[in-house]
Amino acid sequence: MIRPFRLVSLVVVLSLYMAVSLGQSEPSLYSIVDNVETLDNRTLELALSAPSMGKFVQFINIFCGHCRRFVPTFKRIAIQLHHWRRLLKVYVFDCAQEQNVKVCRDYRIRQTPTMRFFHSNFRRSEHEIGNTTNLRDFQGIIDFLANQVGNNTYEAEGQPTFELITSNDNQNTIWMKNDLLQSKIKYIVLVYQPKGSTIGRDLLLKTIRWEDVVVRITDDQQLFLNFNLDSSLGSIYPKEDIRLWLKDDGQVDPKKVKLVIFTRSGNSMILKPRKDTIDEYVEVTTDFFRVHGSRVHYLPTTQAPNISFTMDQENQMILSYVLKNKLQIYRSDLENAIHKLIHIEVPKVSVIEGDSLIALRRLIGWLALSKPIGAIGERFFTLLHQKLSQQQRLTGAEFQDQVKELEKQVPKIYKGKRYVGCVSSRPFLRGFTCSLWTLFHYLTVQAAKPPHNTQTIGSLITIYGVVKHFFGCEDCVNHFLEMAQRRQINRSYQRDEEIEWLWSAHNEVNERLANDTTEDPKFPKIQFPRKIDCPECYGANNSNTWDSKNVVRFLKHIYDSDNLSNFGYK
Ligand SMILES: Cc1cc2nc3c(=O)[nH]c(=O)nc-3n(C[C@H](O)[C@H](O)[C@H](O)COP(=O)(O)OP(=O)(O)OC[C@H]3O[C@@H](n4cnc5c(N)ncnc54)[C@H](O)[C@@H]3O)c2cc1C
Ligand SMILES: *[C@@H]1O[C@H](CO)[C@@H](O)[C@H](O)[C@H]1NC(C)=O
Ligand SMILES: *[C@@H]1O[C@H](CO)[C@@H](O)[C@H](O)[C@H]1NC(C)=O
Ligand SMILES: *[C@@H]1O[C@H](CO)[C@@H](O)[C@H](O)[C@H]1NC(C)=O
Ligand SMILES: *[C@@H]1O[C@H](CO)[C@@H](O)[C@H](O)[C@H]1NC(C)=O
Ligand SMILES: *[C@@H]1O[C@H](CO)[C@@H](O)[C@H](O)[C@H]1NC(C)=O
Ligand SMILES: *[C@@H]1O[C@H](CO)[C@@H](O)[C@H](O)[C@H]1NC(C)=O
Ligand SMILES: *[C@@H]1O[C@H](CO)[C@@H](O)[C@H](O)[C@H]1NC(C)=O
């Protein structure tokens, strides 16, 4: 019998593991240097209620491969958004943390990454959980946010406004508004934005980095007449013959004016962009300031930090144990999968009823019968199953309470804390999704083990239900549902055929993800099992074909409850 954690002192502590970045003890995909702040259940409400400010939150599940692949794009976006930091703060929130479950349920986060905008006066309610975008590309998300930010209100002093000026406005009213004369503002830019255009909004967003300039927008060119443009005669930039700008009566023709700058002393200057494009508007405005020696403040560009990791001793020890031993399945992983399902994934669902309740009952019933975590687990899941059978509808919160209540009635269920077979050599990889596969395979194998119980018929349907209703990994779910349909998960299968179906489906996923950025180099995505682990799983004549009977036999051996390794489990 191996006593795993005695070995710790012998282990040479190598590189890598828990991130020690900027005072955070938990590994995090983002940091303040990326212009992304990490929120948790204690900080989220406060952050979202900050007045006069938009908030952009990416809800993630740390285990979701899609969230990880999205990191470079989101970092680019966040760094770009640093320019708008007067208007918008960028956050990330991890729904895979147990303390965050309630928040993710309240905000109805099912698939991750989920990206939401929250406006200045946001208060969560039944009807308001923020504005979601399903876009995933850099420009699409920036455009979405420009629209959201541009429709938001910022009452606080010194904040920009996207509100159009009215016919009552003139130079005085605009300078008076928010006490601009008392501030360091030197110029007001008034821009004409034809109805349906966003050029004024975009100019505001592009110049928001300048401390001493305020941009105001009008959608009515006639309003330029309120602004005493005649004082600008001779101040057209780039320089041009003034006569081109006058009507017959000698007044400036407002129909020609698109962009005007006012100074504190009441002077106005007309700018003439060559074309009606945002780039032109920005260029002519920038040029003007440069020529007039005005200060323009560019925010510093930021760079992602090189986060250094130190490998946790226990994980290092587990890792070397797993790598040097023969292929086996570890009970600790099953326990972790179950713990996370019951305490995090299921409670995140707002309402469990109909199909999702059926799926949950099947899962719990099945956990009771297949005893992945011993006799206490069996008792617990039997009780929980009885409770669920009496309910027609429950909320994720009620489920969470019932679990807590029942856990008090039995001795401690969960023992191991670490992933073992699902240990990773780098942060954020493997872990939960790996353990979930392991649990699924275990369940198909247990269902096929005599004596057969009629309640364990249809493992695949149970797995399908769990993935569909309770697995918070967007692309995993979508891919799996597509594959389930294509591979006819609904046909009636013999128990052994179910083992084979899942094995084959998992190999398809492995092939798709081979060499993906989510691959752990120490655990490459292979077609399972390798020949070295099961030579007889391969065809006798042609070593590139499977002998599926032997594959099933092999799976039945390694996933059998009697053959599980208790390493790291006690
Ligand atoms: C239902 C589901 C769908 C997923 N879809 C996606 C997706 O679309 N995109 C994405 O990025 N990630 C997806 N994932 C996550 C991904 O499959 C892996 O879990 C993750 O990348 C971690 O990989 P891993 O190296 O730990 O091995 P995993 O693939 O998680 O496998 C876990 C363990 O199972 C054993 N095993 C491997 N293959 C087989 C097999 N064919 N039969 C039996 N046992 C096997 C091995 O011991 C392996 O270590 C999905 C996960 C699940 C549970
Ligand atoms: C956050 O979660 C922790 C752990 O579950 C809990 O103790 C704490 O009260 C929660 N805080 C808030 C503000 O919800
Ligand atoms: C944001 O969502 C709310 C509903 O939650 C909706 O009324 C509002 O129009 C949306 N705003 C924008 C700018 O999309
Ligand atoms: C947001 O503002 C734009 C103009 O900037 C407008 O066209 C659009 O309809 C607004 N959207 C919402 C939801 O209010
Ligand atoms: C991070 O590391 C890379 C390569 O190791 C290096 O090129 C880069 O300058 C580093 N960045 C910082 C901010 O230190
Ligand atoms: C399987 O059948 C059920 C019930 O007939 C149906 O709701 C479900 O969509 C089917 N699933 C697939 C993947 O075909
Ligand atoms: C993954 O990369 C390795 C080499 O880097 C290559 O040998 C292998 O064929 C690749 N696998 C896939 C599925 O692309
Ligand atoms: C456990 O595995 C061994 C091979 O490693 C096999 O001979 C044995 O039959 C397995 N036990 C069960 C119950 O499958």
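A quick note: this is a predicted structure, and the numbers were derived from the prediction, not measured.
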Derivation of the side-chain contact (heavy atoms from CB on, under 4.5 Å) call for F59 and T132:
CA-CA 11 Å; F59 294 88; T132 305; over 6 Å; no

What are the two closest heavy atoms between [X] and [Y], and how far apart are they?
X    : Y    : value
Y321 : N325 : O-ND2, 2.9 Å
F93  : V57  : CB-CG1, 4.1 Å
N35  : L81  : ND2-C, 3.7 Å
L502 : I463 : CD2-CD1, 3.9 Å
Q97  : D94  : NE2-OD2, 2.8 Å
L367 : P372 : O-CD, 3.4 Å

Non-hydrogen side-chain atoms of [X] and [Y] separated by less than 4.5 Å:
X    : Y    : result
I489 : W501 : yes
Q455 : L369 : yes
D516 : R69  : yes
D143 : L135 : no
V149 : F56  : no
D496 : I499 : yes
F74  : C67  : no
S350 : R110 : no

Treating [X] as the side-chain partner and [Y] as the backbone partner, does any N or O pair qualify as donor plus acceptor under 3.5 Å?
X    : Y    : answer
N336 : S332 : yes
D137 : G140 : yes
Q527 : N507 : yes
R361 : L388 : yes
H452 : A448 : yes
S424 : P427 : no
H385 : F381 : no
D40  : R42  : yes
S504 : E500 : no
N100 : C95  : no

Just do the salt bridge (charged side-chain N to carboxylate O under 4.0 Å, His left out) check on D533 and K326 with the steps written out, would you?
CA-CA 8 Å; D533 295 317; K326 72 171 168 52; over 6 Å; no

Before you tell me yes or no, could you show the steps for N563 and K556 under side-chain hydrogen bond (donor to acceptor under 3.5 Å, both in side chains), namely the whole-Å CA-CA distance, both residues' side-chain angles and the distance that decides it to 0.1 Å?
CA-CA 10 Å; N563 267 350; K556 281 180 161 178; over 6 Å; no

First locate atom [atom1] of [X], then atom [atom2] of [Y], and finally report the distance between them rounded to the nearest 0.5 Å.
X    : Y    : atom1 : atom2 : answer
N131 : R116 : CG    : CZ    : 9.0 Å
E498 : L460 : CD    : CG    : 4.0 Å
I109 : T114 : CD1   : OG1   : 4.5 Å
N41  : C104 : CG    : SG    : 9.5 Å
I376 : K371 : CD1   : NZ    : 14.0 Å
L394 : I352 : CG    : CD1   : 4.5 Å

Establish, yes or no, whether a centroid distance under 6.0 Å links the rings of [X] and [Y].
X    : Y    : answer
Y414 : H343 : yes
Y559 : Y442 : no
W437 : H506 : yes

Are the gamma sulfurs of C476 and C64 separated by less than 2.5 Å?
no

Can you say whether the rings of Y464 and F480 are parallel (under 30°), tilted (30 to 60°) or perpendicular (over 60°)?
tilted

Tell me whether the rings of F63 and F432 are parallel (<30°), tilted (30 to 60°) or perpendicular (>60°).
tilted

Within the supplied structure, the quantity of interest is the number of heavy atoms (other residues, nucleotides, ligands) at a distance under 6.0 Å from K340 NZ; does it exceed 12?
yes

So does K102 have more than 12 non-hydrogen atoms from other groups sitting under 6.0 Å from NZ?
no

Show your working on side-chain contact (heavy atoms from CB on, under 4.5 Å) between R393 and V351 and close with a plain yes or no.
CA-CA 7 Å; R393 177 185 192 278; V351 178; 3.7 Å; yes

Looking at Y107, is R124 sitting on its ring face, NZ or CZ under 6.0 Å from the six-membered ring centre and within 45 degrees of the normal?
yes

Full working for salt bridge (charged side-chain N to carboxylate O under 4.0 Å, His left out) between R76 and D34
CA-CA 8 Å; R76 243 183 95 210; D34 307 311; over 6 Å; no

Salt bridge (Lys or Arg N to Asp or Glu O under 4.0 Å) with R487: of E508, E482, E497, only one passes, and it is E508

Check the pair Y538, W546 against ring-ring contact (aromatic ring centres under 6.0 Å, His included), reporting the backbone distance first and the verdict last.
CA-CA 5 Å; Y538 289 77; W546 294 110; 4.7 Å; yes

For a side-chain hydrogen bond (donor to acceptor under 3.5 Å, both in side chains) check, start with the C-alpha distance between S435 and D333, then their side-chain angles and the critical distance, and finish with the verdict.
CA-CA 5 Å; S435 69; D333 296 324; over 6 Å; no

Kindly determine whether R530 and F528 satisfy side-chain contact (heavy atoms from CB on, under 4.5 Å), including the steps that lead there.
CA-CA 5 Å; R530 294 177 305 175; F528 184 96; over 6 Å; no

List the steps, then state whether salt bridge (charged side-chain N to carboxylate O under 4.0 Å, His left out) holds for R430 with E519.
CA-CA 8 Å; R430 310 197 76 224; E519 183 176 69; over 6 Å; no

Start with the C-alpha distance between E335 and K415, add both sets of side-chain angles, then the distance that settles salt bridge (charged side-chain N to carboxylate O under 4.0 Å, His left out), and finish with yes or no.
CA-CA 8 Å; E335 184 193 82; K415 293 181 181 144; over 6 Å; no

After noting the C-alpha distance and the side-chain angles of E37 and Y30, does the key distance pass the side-chain contact (heavy atoms from CB on, under 4.5 Å) rule?
CA-CA 7 Å; E37 216 176 297; Y30 299 97; over 6 Å; no

Is it true that K525 and D520 make a salt bridge, defined as a side-chain N closer than 4.0 Å to a carboxylate O?
no

